[in-house]
A.B. asks: 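My questions all concern the structure below.
By convention in this document, chain letters (A, B, ...) are assigned in the order of the sequence lines, proteins followed by strands, and residues within each chain are numbered from 1.
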Number of protein chains: 2
Amino acid sequence: MIPSQMLKGTLEGCVLAILRQEERYGYEISQNLECYGFGRIPEGTVYPLLLRLEKRGSITASFRASPEGPQRKYYALTDLGQKELTEFFRNYRELNRAVEQLIEMTGGYPHAQEDEAAFGGE
Amino acid sequence: MIPSQMLKGTLEGCVLAILRQEERYGYEISQNLECYGFGRIPEGTVYPLLLRLEKRGSITASFRASPEGPQRKYYALTDLGQKELTEFFRNYRELNRAVEQLIEMTGGYPHAQEDEAAFGGE
DNA sequence: CGCTGCTATCTTGCTTTGCAAGGTAGACGT
DNA sequence: ACGTCTACCTTGCAAAGCAAGATAGCAGCG
């Protein structure tokens with residue numbers, strides 16, 4: 001499971017990415033994230049995040065009826081949100097580059113196979 | 001610059017990775033991180049992190065003289081630290097997979113030209 | 001009708017962690 | 001003596017994920 005600390009800062013960009021093409025509502029987003037492989041992201045995480053984005057002006061909300069429950073609050077990206085998403089992509093890749101470079105300079109990935117067993121430690 | 005929130009949880013694993021092959025001291029680590037592309041990671045971040053790892057038993061410390069200043073506190077990975085490093089690698093790749101899949105399922109990375117257009121002068 | 005369960009939203013309070021700001025101190029040059 | 005670089009540490013703040021719980025609509029069952 002991905003540790004919660006490692007999700008900080010990343011989740012927000014991911015939610016922006018989810019909203020990039022179509023409107024979605026919070027409950028749906030929470031389920032989407034699990035499908036994408038983030039593990040269970042509880043509602044106590046998703047809803048405050050969405051409210052934060054809404055207050056900041058990154059997304060806008062509109063209530064619409066649901067066929068099977070209470071109203072849904074659909075969110076859509078604003079221009080600001082689109083820009084923040086682009087910046088998220090940039091930052092995320094910058095972090096990736098740094099981590100990859102660090103790993104490479106310090107001996108590469110452990111490879112998890114018999115590599116280490118063959119050498120017995122270095 | 002990489003936002004500080006996005007470093008959370010990642011920095012710790014990166015410091016473990018830096019210590020994987022050779023002992024290093026805090027001041028050095030702080031400078032290394034900048035070289036690897038993480039931006040300036042201030043000492044108010046690095047030292048508490050190292051003390052945390054030491055208390056937890058992930059690393060051990062030993063003072064040694066410096067040719068050009070006060071004593072240096074060199075840190076080395078323990079077995080526990082090695083295990084945590086391996087787990088960090090696993091978690092980091094799991095997060096990467098999730099983000100990459102999410103990005104792909106929502107339309108892929110924006111094209112480089114759009115990137116440049118959106119953030120031409122920064 | 002009450003009960004259970006799914007859908008759907010929000011809030012409170014806790015915890016972790018990066019960081020700004022500041023403090024201490026050794027070594028060295030001017 | 002003073003400034004600067006090296007090198008360590010601490011205090012207190014802010015951001016964000018999350019557990020736990022509150023609220024409420026809707027549907028089926030006994």
A.B. asks: Find the distance A:Leu16:CG to D:dA16:C1' and express it as a whole number of Å.
C.D. replies: 15 Å
A.B. asks: Between C:dT7, D:dC18, D:dT10, which one does the side chain of A:Pro70 approach most closely?
C.D. replies: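 It is C:dT7.
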A.B. asks: Between B:Thr106 and A:Gln21, is there a side-chain donor-acceptor contact under 3.5 Å, judged purely by atom types and distance?
C.D. replies: no
A.B. asks: Which residue, A:Gly69 or A:Gly44, contacts DNA chain C at a nucleotide closer to its 5' end, judged by nearest heavy atom?
C.D. replies: A:Gly69
A.B. asks: Under 4.0 Å between a side-chain N or O of A:Tyr47 and OP1 or OP2 of C:dA8?
C.D. replies: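 Negative; the distance criterion is not met.
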A.B. asks: Find the distance B:Ile29:CD1 to D:dA7:P and express it as a whole number of Å.
C.D. replies: 12 Å
A.B. asks: Is any side-chain N or O of B:Arg24 closer than 4.0 Å to OP1 or OP2 of D:dA7?
C.D. replies: no
A.B. asks: Less than 4.5 Å apart, side chain to side chain, heavy atoms only: is that true for B:Leu102 and A:Phe38?
C.D. replies: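 The answer is yes; the side chains approach within 4.5 Å.
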A.B. asks: Expressed in angstrom and rounded to an integer, what is the separation of B:Gln5 atom CD from D:dA16 atom P?
C.D. replies: 5 Å
A.B. asks: Give the rounded distance in Å between these two atoms: NZ of B:Lys73 and P of C:dG26.
C.D. replies: 17 Å
A.B. asks: Check every strand shown and say whether B:Lys8 touches a base, only sugar-phosphate, or nothing at a heavy-atom separation below 4.0 Å.
C.D. replies: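 It contacts base atoms.
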A.B. asks: Write down the distance between CG (A:Leu49) and P (D:dG17), rounded to a whole number of angstrom.
C.D. replies: 5 Å
A.B. asks: Between the side chains of B:Tyr92 and A:Asn96, does any donor sit under 3.5 Å from an acceptor?
C.D. replies: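 A pair is found: one side chain offers a donor N or O, the other an acceptor, under 3.5 Å apart.
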A.B. asks: Distance from B:Thr45 atom OG1 to B:Ile29 atom CD1, nearest 0.5 Å?
C.D. replies: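 It comes to 13.0 Å.
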A.B. asks: I want to check one thing: is the phosphate of C:dT17, taken as OP1 and OP2, less than 4.0 Å away from some side-chain N or O of B:Arg52?
C.D. replies: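 It does, given that an N or O in the side chain of B:Arg52 lies less than 4.0 Å from OP1 or OP2 of C:dT17.
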A.B. asks: Within the pair B:Ser66 and D:dA7, is there a side-chain N or O less than 4.0 Å away from OP1 or OP2?
C.D. replies: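 For D:dA7, OP1/OP2 do have a side-chain N/O of B:Ser66 under 4.0 Å.
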A.B. asks: Nearest whole Å is fine: how far is C:dG26 C1' from B:Phe63 CZ?
C.D. replies: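 Going from B:Phe63 (CZ) to C:dG26 (C1'), I get 13 Å.
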A.B. asks: Classify the nucleic acid contact of B:Ser4 as base, sugar-phosphate or nothing, counting any heavy atom under 4.0 Å across all strands shown.
C.D. replies: sugar-phosphate
A.B. asks: Could you work out which one of C:dA8, C:dG18, D:dC18 sits closest to the side chain of A:Arg72?
C.D. replies: C:dA8
A.B. asks: What nucleic acid atoms does B:Gly26 come within less than 4.0 Å of, heavy atoms only: base, sugar-phosphate, or nothing?
C.D. replies: sugar-phosphate
A.B. asks: Under 3.5 Å, is there any donor-acceptor pair linking the side chain of B:Glu43 to the base of C:dC19?
C.D. replies: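 No, no donor-acceptor pair under 3.5 Å.
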A.B. asks: Just how far, in rounded Å, is P of D:dT4 from OH of B:Tyr27?
C.D. replies: 14 Å
A.B. asks: For A:Gln71, answer base if it contacts any base atom (sugar-phosphate contacts may also be present), sugar-phosphate if it contacts only those atoms, and nothing otherwise; contact means non-hydrogen atoms under 4.0 Å.
C.D. replies: sugar-phosphate
A.B. asks: Can you check whether B:Thr45 has a side-chain N or O nearer than 4.0 Å to OP1 or OP2 of C:dC19?
C.D. replies: yes
A.B. asks: Judged by each residue's nearest nucleotide on DNA chain D, which is more toward the 5′ side, A:Glu12 or A:Pro42?
C.D. replies: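 Nearer the 5' end of the strand: A:Glu12.
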A.B. asks: Tell me: CD1 of A:Ile2 to C1' of D:dG17, nearest whole Å?
C.D. replies: 13 Å
A.B. asks: Would you say B:Ser30 and B:Arg40 make side-chain contact, with heavy atoms under 4.5 Å?
C.D. replies: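 Answer yes - side chains close enough.
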A.B. asks: Short question: side chain of B:Arg90, backbone of B:Leu85 - any donor-acceptor pair under 3.5 Å?
C.D. replies: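 No; zero donor-acceptor contacts below 3.5 Å.
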